[in-house]
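Working notes, beginning with the structure itself.
All figures in this text were calculated on a predicted structure; none of them were measured in a lab. Whatever order the structure lists ligands and atoms in, that order sets their numbers, starting from 1.
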Amino acid sequence: MLKITILTCTLAAALSAQSSSPNASMARFDVKAMDTSVDPCKDFYRFACGNWLKQNPIPPDQARWGRFNELDERNKQVLREILEEAARAGGARDAVARQIGDYFAACMDESGIEARGIAAIKPELQRIKDVQDKSQLAAQIAHMHRIGIPVLFEFGSGQDFKDSTKVVAQLDQGGLGLPDRDYYLKNDPKSVEIRQKYAAHVQRMFELAGETPQAAKAMADTVMRIETELAKASLDRVSRRDPEKIYHPMKRGDVAPLAPSFHWERYFTGSGAPAFQSVVVAWPDFFKGVDQQLQKAPLDDWRTYLRWHMLHSAAPLLPAAFVKENFEFFGKVLTGAKEMRPRWKRCVDYADNQLGEALGKAYVQRTFGAEGKERTLKMVQALETALGQEIEKLDWMTGATKKEALVKLKAITNKIGYPDKWRDYSSVEIKRDDAIGNRFRANQFEFQRQLDKIGKPVDRLEWSMTPPTVNAYYDPQMNNINFPAGILQPPFFDKSLDDAVNFGGIGMVIGHELTHGFDDEGRQFDPQGNLRDWWTPADAKEFAQREACVVDEYSSFEVAPGAFIQGKLTLGENTADLGGTRVALRALLNTIGTGGKKIDGFTPEQRFFIAFGQVWCSNEREEALRLQVQTDPHSPPEFRVNGVVKNMPEFWKAFSCKPGQPMVNENACHVW
Ligand SMILES: [Zn+2]
């Protein structure tokens, strides 16, 4: 959240905003989840998942419900046990247990939070009131950034795109309340409706903070005005996939001319950043837009804008009326969830977000053994070998570029399960009666931790996901793949089941992450993680043609009336799905050979595809689908399955599909 993660390629959308439900049973590969009355060549997703989809309606507190959520739910139960045990104040607790336990206890203390009311953030609101002229805005914004309130723009650190050994200061666009700039700019009926509901929500939040309806309405208009201007100055999501477009290194002193109305030196000093001489600005035009707004909007409007973001960020840990109002818009309107998740699940999420490696260490001790790490590493090696073979036999790529690609593949490092070195949060003060203060202090720790990296060598052992996370990622600047312990379980990985199932599950996940090193973004980085073109022009052209095939295919998928997948936004993920699945199948066949015996009536190849399909079984609300195609680089699950198998002759053969059937794309896309 506080790190500018421009380029991390994850397996799936983050679950934290929408996960959980009643006690999910152990979710495994399951032939009973299939609907064998569906022809696999007509709709493979429903063939693999049909019964599961019927038997697993979306719980009312969810926006979607899939196999990822089932696993996430199990992980959350473990985290709850850890946190409740740690929260018992009486027993002998070590320092880490006291910290996570008191954090959880403070978050769960609804009556205390109710009693303190909005007074819990009174000093913060007062600071905003005390801003007496525009020249003081920089210091105030620096303070808000330090405690994790994302106003106006983002400041942090990251590896230099062109020298991956160096950590540099970074400035990026930001400051919106809605999930994407397009929400402010599009004029289709759905977008207009969401905008109106957002403005009404902002108004109600001001009313809860004590304003009259008329005053609150005027304030909401102000917020909309400022955020719309910021949205106009922001670069769109698809363009942001091009690393060259978001890479503008400059001298520290060159930032001020972009937005001379902002007191940059006061900001940098106030932020707590160490001394630095240069900074990478993602999109300089954004800051020109900021400057225009700083000149145009009166000081009082800025105070209103800052106050809104303070209320918005604090809402989940304020009294129930704020929590509920926040859910009404960000839960119900944006994702379609009907009910709020139980408090304990939200508090588990916050603890995971803020003290993740303290909590994660305890999680790993309970759930993940050395055996899990060893078996996963073995599969990673099998996948790397298979990807090397796929690259070698590509007919569209010349020898020179292949050689470079194989060097890059060999240089990928693998991180499995959990960090070798755990983060030390001992400097974060956690109070048992101050939930919102705990959040601000933990945010401040993270913000400072990110800034302290500026000018230092890159820490290649660091993780950007916590151990219980049901997800995985490839980092193009580190050139490494990362698999948290949370995903190395059924249905992804099940040591009691056959290789076909495991290669279709975690094998596909590994293949997906490896392929990210060679998708539209990843291919632009070299083995050392530097933005450097290692392609011959002819090969780059061939690559672009194959990617166009993928863009066209996915752009044709309509997920809700009028809402289509954005082929360009999801290109990297779709490429990773296509390549990852193909590579995983090759790795399976390298391991077991062809002609393996049937289990449950299915050949190993069939079981591979069914296992792959079942990882993605998922029911979704229409609102969640609309949000996803607007903001998320991942295609919705159904299309991640059918979109892939359509392009795989190996699939057609496994299920005897004929030309002309829906799962047979005769002009199959094949990048990797
Ligand atoms: Zn991915």
**Prompt:** Any salt bridge between Arg240 and Glu521, counting N to O under 4.0 Å?
**Reply:** no

**Request:** May I ask you to check whether His634 brings an N, O or S atom to under 2.8 Å from the Zn ion (ligand 1)?
**Result:** no

**Prompt:** Do you know which of Phe608, Phe609, Phe612 makes ring-ring contact (aromatic ring centres under 6.0 Å, His included) with Phe651?
**Reply:** Phe609

**Asked** Should the heavy atoms of other residues, nucleotides or ligands under 6.0 Å from CD of Glu374 be counted, would the total exceed 12?
**Response** no

**Rounded to 10 degrees, the angle OE1 of Glu573 makes with O of Thr10 at the Zn ion (ligand 1)** = 100°

**Message:** Any side-chain to backbone donor/acceptor pair from Lys402 onto Leu394? Under 3.5 Å, distance only.
**Reply:** yes

**Asked** Tell me, which N, O or S atom in His516 is closest to the Zn ion (ligand 1)?
**Response** NE2

